[in-house]
Every structure is written in C-alpha cells, then in structure tokens.
Amino acid sequence: MAMFAGIALTSCNKGGMDSQNPFMSEYKTPYGVPPFDKITNADYLPAFKAGIKQQQEEIAAIVKNPEAPTFENTILAMENSGEILDKVSNVFFNITESNSTDEIQAIADSVAPLLSKNSDDIYLNADLYKRVKAIYDNKDNLNLTEEQKMLVDKINRNFVRGGANLAADKQERFRQVNAELSLQELQFGKNLLKENADYKLVIDNKDDLVGLPESVIMSAAEQAKADSMPGKWVFTLDKPSMIPFLQYSEKRDLREKIYMAYATRCNHPNEYNNNPVITKILSLSLEKARLLGFPSAADYILDNTMAKKPENVYNLLNKIWTPALKKAKEEAADMQKIIDKEGGKFKLASWDWWYYSEKVRKAKYDLNEEMLRPYFELDNVKKGIFYTAKRLYGLQFVAKPDLPKYDPEAEAYEVQDSTGKLLAILYFDYFPRASKKGGAWCTNFRPEKIVNGKRVAPIVSIVTNFTRPAGNQPALLNFDEVSTLFHEFGHAMHAMLSQVTYASLSGTNVPRDFVELPSQFDENWASEPEVLNVYAKNYKTGEVIPTELVEKLKKSGTFNQGFATVEYLAASYLDMDFYTDTALANLDVQKFEKASMDKIGLIPEILPRYRSTYFQHIFGGGYSAGYYSYIWADVLVADAFQAFKETGDIFNQKEANLFRHCILEKGGTEDAMTMYKNFRGKEPSIEPLLKARGLE
Ligand SMILES: [Zn+2]
C-alpha cells in the first residue's frame with residue numbers, strides 16, 4: 001500500500017499547485033460537467049489538500065466573525081464552504097467505484113484520513129458549534145423558511161452526531177475511531193474487489209457447456225478472449241456471467257463450484273480475508289455509538305432515519321418473514337419434486353436454486369428468461385424508460401455524444417422539462433469492468449441547488465453491470481436487469497427533478513430508508529403491458545412483445561418471490577443483528593452469522609443475499625444497520641403505486657403531479673412521512689406490499 005502511495009505522490013508534479021489542476025478553476029465545459037478528458041490521477045491529491053485548506057480557512061473566518069451568529073453568516077456560510085473539496089470529491093468517489101485502479105485505491109487510502117480529520121475539525125470545533133447552537137436554539141424566532149429550518153436542524157444534528165458535545169478527552173478518541181473506521185471500510189471494499197475479480201471458472205471442454213443458451217456461451221467465449229484464453233470459455237462472479245450459468249448449466253458440480261466461489265469471497269485464510277476487518281468495523285462502530293450515549297451502533301445509526309429505533313425495524317422484518325419463509329419452503333418443495341421426478345436422488349442445495357426455479361417457471365408459466373431477452377435490447381429498454389418519464393412528468397432526452405466522459409463506454413444526455421428547459425445532465429455506464437464495483441447505483445457529479453435565484457442543473461450518473469453485447473448481438477437484458485434500470489432511473493429522477501435551494505437538502509439527500517421510494521416506485525412501470533408494448537420489441541424483427549408473453553410475465557410476477565424476499569430479509573436480519581450486538585469482545589464472525597440465520601430458521605437451500613464477508617452495503621457502502629431500508633421503502637412504494645391503480649390509469653396526471661411536487665422535487669426539505677402523507681393523504685399500509693409479493 002505504501003508503495004502505491006509513493007507512486008501517487010511522486011507523480012504529483014504536473015497537477016501540483018499550479019493552475020492546471022482542473023479542480024482548482026471553473027470547469028470550462030458544456031453545462032459545467034467535469035472535464036474528464038483533462039483530469040489525471042495526479043490531480044486528485046493536490047486538489048483534496050487545497051480543498052481542505054480552503055474549507056478550513058472558510059470555517060476559521062466564520063468562527064472569527066465578530067458579528068452575532070445569523071443564518072447567513074454561520075449556517076449558509078458553512079453550507080457554501082469547501083467548493084474545491086466538493087468538486088474533487090464528486091469526481092473522485094465516483095471514479096473509485098466505477099473506474100478504479102491500484103493507483104486510485106492508493107490515493108483513496110491517503111485521502112480517507114485527511115477527510116476524516118477535516119470533518120472532525122469542523123464538527124468538533126467548539127466555537128463553531130456555539131454559533132450553530134445559538135441559531136438552532138432560536139430558530140423559530142428568526143423568520144426562517146421551512147427549508148432553512150431544515151438546514152439548521154441538519155447541520156446542528158451533524159454536530160451532535162459528530163461528537164460536538166463530548167468532553168475533550170473523549171473527542172480525541174472519537175477522532176481516532178472515525179479515522180480507523182474509514183480505513184477499515186475501504187479495506188473491506190478493496191479485498192472484495194480483488195477476490196471478485198481474481199476468480200474465473202475456466203471451461204476448456206465443450207461438453208461442460210451443456211444446457212447453456214448460445215448467447216451465454218458466446219459471452220463466455222468473449223470473456224475468455226479478453227482474458228487471453230482464446231478457444232476456452234470463462235465465467236466470472238459478476239452477475240451477468242454467473243447467474244445465467246446457475247440458471248442453465250446442467251453440470252451440477254460446476255454450478256456448485258462457481259456458486260461456492262461466490263459465497264466464500266473474502267472468507268479464506270489469505271490477505272483478503274474480511275472476517276478480521278468486520279470485527280474491527282463492528283467494534284469501532286459500537287465504540288462510536290457508546291461515546292455518543294447510544295446503547296448500540298444500530299441505535300445511533302437509526303436515530304437519523306424514518307425507522308428511528310431497532311425494534312421498529314425488527315417489527316417490520318418479522319411481519320414479512322413468516323409468510324415469506326412459508327412461500328420459500330413451498331418453492332423449494334416444488335423444485336424437489338422435479339429433482340425426484342428426474343431421478344435426481346439428491347436434496348436441493350443453494351447452488352441448485354436458479355437452475356430448478358427456471359424449470360419450475362417453464363413448467364408453471366411456460367416462460368424462461370431467454371424467451372424474453374430478445375425483447376429487452378438495452379436501447380429499447382432505455383426508450384421505455386424515457387417514454388415513461390415523458391408520460392408521467394413530461395421529460396425529454398437529447399443525446400450528447402460529445403460531452404466529456406470518464407470512460408469511452410459511458411453516454412450522456414441532456415434532460416429537459418416539457419417546455420425544453422434544461423433540468424439535468426444524465427450519464428449512463430452500463431457494462432461490467434474489472435475496475436468497476438458489482439451491482440448498480442445512481443450517483444451525481446454535481447447536486448442540484450439554487451444560487452441567487454438561478455437553478456444549478458444536477459449532473460447525474462447511472463452505473464450498472466449489465467449483460468454485454470456479444471458477437472454481433474446487441475446487449476440483451478433479462479427482466480431483472482430491466483427492473484434495475486428502471487430502479488436506478490427512479491433515483492435519477494429524484495436527483496434531476498429536485499427544486500431545492502441548498503445542496504445538502506437536494507435530490508436524494510433524504511433519510512436512508514426513504515431514498516429507495518422513488519427508485520422502487522419507478523420499477524412498477526417496467527412490467528405494465530401499456531409500457532411493454534412501447535419498448536419491448538424484438539431486436540431482430542421489431543415485432544412488439546406478443547400478448548401471451550406479456551400475460552405470462554404478468555402471471556409469473558409473484559414467481560420465486562418467496563426466495564427473493566427470504567434471501568433479502570435474511571441479509572437484513574444479519575445486518576441488524578451485527579449492529580445491535582453489544583458483546584463483541586470475542587466475536588467469531590462466521591459463528592455469529594450462523595447463529596443469526598439459525599435464529600430466524602433460514603432453510604439451508606437459501607443463503608442470505610449477502611454473507612458477512614461480502615456484505616459491502618453494511619461494511620463499506622453506507623448501509624450499516626440500513627439494509628432493511630429497501631423493504632421499508634417498499635411498503636411506501638406498494639402503497640404509492642396503489643394510488644395510481646385506484647384511478648385505473650398508470651399515467652394519471654393528477655397523481656403524477658402530486659408525486660412530483662410532494663416528493664421528487666422536495667429532496668430532504670421536509671420530514672419524510674409528512675412528504676408521503678402530502679402525496680397520499682394518509683400513512684401507508686402494509687397490505688399492498690404483501691399482495692404484490694404474493695405473500696398474503
Ligand atoms: Zn436503489
């Protein structure tokens with residue numbers, strides 16, 4: 001690690017303190033997008049250092065101000081501080097996720113403690129806090145707007161949660177804990193990226209491809225070529241490669257091999273073992289919470305969410321667990337029947353689930369994913385997403401192929417409202433790379449805000465790991481990937497439609513268990529026949545998806561939902577159990593995981609969606625004690641979609657306008673439940689969710 005840091009430092013000359021560093025001056029690009037073509041790795045560290053220095057000076061000026069604290073001279077001045085730091089962070093932390101290299105990771109290592117210290121220097125600054133608190137205590141008498149009050153609340157809360165009320169000796173320890181925690185979380189992610197990329201299932205015997213569809217074989221052959229093994233077939237642990245293998249390979253031993261490689265990532269006795277990293281992360285998190293007077297890490301984390309307390313999370317999980325487990329057991333029994341009928345003479349195992357569930361789907365609904373793929377060409381799916389956004393909110397999309405990009409495969413759009421006014425810039429980056437983290441996410445390179453009455457358009461980015469084009473065949477998605485694109489686009493709309501004054505409150509800056517509402521909400525349109533008819537067209541013939549296929553898709557909507565819900569909930573329990581645990585002294589991560597899963601009665605045929613050593617969400621992704629957020633939001637989502645269903649029109653303009661104005665435009669400027677009730681006229685109920693998943 002130190003060696004790479006050395007390289008990063010010695011190559012700094014060019015980007016040094018001179019004006020050539022792109023982060024240090026205004027971006028002279030269309031729309032002010034980051035000048036990706038001009039940014040080099042050598043620019044990051046100097047910009048971080050300069051950005052921190054700038055912010056420290058601005059903070060010092062706030063503290064030294066002889067005037068009494070006001071919203072403008074303290075809260076707003078803080079909100080506007082650190083411009084260079086924001087600029088470099090907005091680029092760098094996206095690149096670490098989507099285009100990482102050893103050099104980038106080394107820079108991240110050097111930067112993490114600097115940022116952690118900078119943040120502590122601000123939130124542990126007693127004189128600064130005194131000014132903030134004076135405003136907070138008096139906020140109702142200052143003639144502030146509701147949004148300004150929310151900003152005061154948020155900044156004050158950041159101080160309290162950042163240790164401002166701690167005694168000096170405890171503050172010192174608090175700083176150490178924060179610094180160490182940020183490094184351990186980075187380590188977790190690095191180990192995972194490494195082990196994930198290192199594994200390859202190499203097939204050199206054609207017979208071992210039995211059962212696989214032609215398109216899957218073709219992709220594996222291309223992967224082999226890319227890995228300098230022409231003539232062979234390579235499968236990786238990236239989902240677009242592994243999942244089709246699990247679904248279709250008739251070689252049970254090979255299914256086991258790749259699945260176990262996936263399920264044991266970072267759980268081997270080597271340098272990438274994440275068990276000791278987890279132990280450290282958990283004990284540091286607990287120590288931090290205790291310093292602030294909370295009984296557990298989960299209590300501290302949840303204090304800042306809609307759920308508020310661990311018991312509220314467990315209550316929700318418990319309500320759904322029992323019906324979901326029952327359904328999953330029925331699904332397993334259906335599959336065992338097929339195994340027995342085929343004379344299998346073995347018990348269904350976790351690596352069999354995808355293979356036999358495909359058989360059940362075929363038998364029950366006469367449907368498999370390969371029948372759908374030709375209708376889900378990536379470009380067509382994108383058209384469906386744009387169509388939906390246009391019908392609901394009047395959005396228009398103009399391709400901008402000439403904008404600077406951080407990877408040649410990325411693409412850019414200008415997003416306009418119905419009158420042609422600029423709303424946002426939107427990037428897409430679709431396919432897996434060794435330098436990219438797994439999964440899918442939406443992020444931004446610049447948040448929305450309003451400065452002197454003028455709205456700054458956000459620059460938003462959607463990053464996914466979808467099935468690549470193979471040979472002369474375009475990228476053909478499975479339905480899961482289609483839903484994912486709608487999902488991430490829902491986050492993007494939350495960011496793009498934002499009409500908020502302060503960046504800290506704009507777009508997706510909402511409680512973590514509220515942020516998945518716009519995204520999961522948007523998924524609903526993917527499978528609506530009215531929308532499918534527009535976008536699901538055969539990539540060869542242009543023929544619209546046949547009605548009977550749409551019917552089958554609709555009928556199979558609750559198919560395998562027992563499994564999907566159980567593996568998700570199991571991971572949510574595991575997360576909550578880790579972060580509510582207070583007896584961590586002799587923690588054995590693997591034993592803890594097993595005990596946690598035994599307690600809820602998880603069946604051996606299903607593993608939690610993430611096992612501990614690759615649970616990036618909770619050990620480095622900002623979702624610690626927060627993986628439950630998806631189902632929490634899903635209660636709101638199912639209830640919200642019900643509002644459209646009740647009108648009989650999935651494009652009902654009154655509901656769409658309400659959703660836009662009460663939620664999508666509001667960012668975090670109001671209390672989350674208040675926003676929801678403004679839209680729906682009532683609190684959400686859980687019934688629509690149970691119904692949607694077939695768990696009634
Ligand atoms: Zn999401």
Side-chain angles (χ1 to χ4, degrees), residues 93-94 97-98 189 239 301 304-307 313 316 381-382 385 388-389 392 424 426-430 432 436-445 447-448 458 460-466 477-498 506-527 564-565 567-569 571-572 575 609-610 615-641 659 663-664 666-668 672 675-676 684 689 692-693:
F93 291 109
N94 283 315
E97 312 260 281
S98 58
K239 292 234 159 128
I301 294 162
N304 210 12
T305 62
M306 285 184 89
V313 174
L316 175 65
V381 176
K382 192 171 65 192
I385 281 167
T388 306
L392 286 169
L426 177 61
Y427 284 91
F428 289 97
D429 172 9
Y430 301 110
K436 198 195 267 189
K437 234 179 54 177
W441 59 96
C442 175
T443 174
N444 72 63
F445 287 104
E448 181 271 344
V460 180
S461 175
I462 289 175
V463 188
T464 59
N465 280 280
F466 287 161
L477 308 188
N478 64 22
F479 189 65
D480 210 38
E481 293 172 321
V482 172
S483 301
T484 299
L485 196 54
F486 274 81
H487 176 108
E488 300 308 334
F489 190 77
H491 284 308
M493 283 201 287
H494 199 186
M496 298 190 301
L497 294 177
S498 179
S506 80
T508 54
N509 279 311
V510 297
R512 207 177 40 186
D513 44 8
F514 190 69
V515 79
E516 298 299 333
L517 165 60
S519 53
Q520 295 178 172
F521 184 61
D522 204 50
E523 286 178 44
N524 283 294
W525 278 263
S527 57
T565 310
E567 66 152 11
Y568 164 79
L569 289 177
S572 303
D575 169 31
R609 185 174 296 170
Y610 299 100
F615 207 162
Q616 169 90 20
H617 283 83
I618 70 164
F619 296 123
Y623 270 70
S624 33
Y627 196 59
Y628 77 89
S629 301
Y630 296 91
I631 201 109
W632 186 277
D634 227 9
V635 174
L636 304 179
V637 167
D639 187 74
F641 194 55
F659 194 76
I663 291 170
L664 294 177
K666 287 277 174 196
M675 286 193 278
Y676 189 80
L689 171 77
R693 295 193 180 214

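The structure displayed is predicted, hence computed values, not measured ones. One-based numbering, in listed order, for ligands and for the atoms of each.
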### Task
Would you indicate whether the side-chain heavy atoms of Leu392 and Trp525 approach each other to under 4.5 Å?
yes
### Query
Phe428 vs Tyr430 aromatic rings, parallel, tilted or perpendicular, using cut-offs 30° and 60°?
parallel
### Message
Suppose the cut-off is 2.8 Å; which protein N/O/S atoms would you list for the Zn ion (ligand 1)?
### Response
His487 NE2, His491 NE2, Glu516 OE1
### Query
What are the two closest non-hydrogen atoms of Thr305 and Pro511, and how far apart are they?
CA-CB, 4.2 Å
#### Entry: Pair Lys436 + Asp429, salt bridge at N-O below 4.0 Å
yes
### Query
Do Thr464 and Glu481 have side-chain heavy atoms sitting under 4.5 Å apart?
no
### Summary
Rounding to 0.5 Å, atoms CG (Asp634) and OH (Tyr628) come to a distance of 14.0 Å
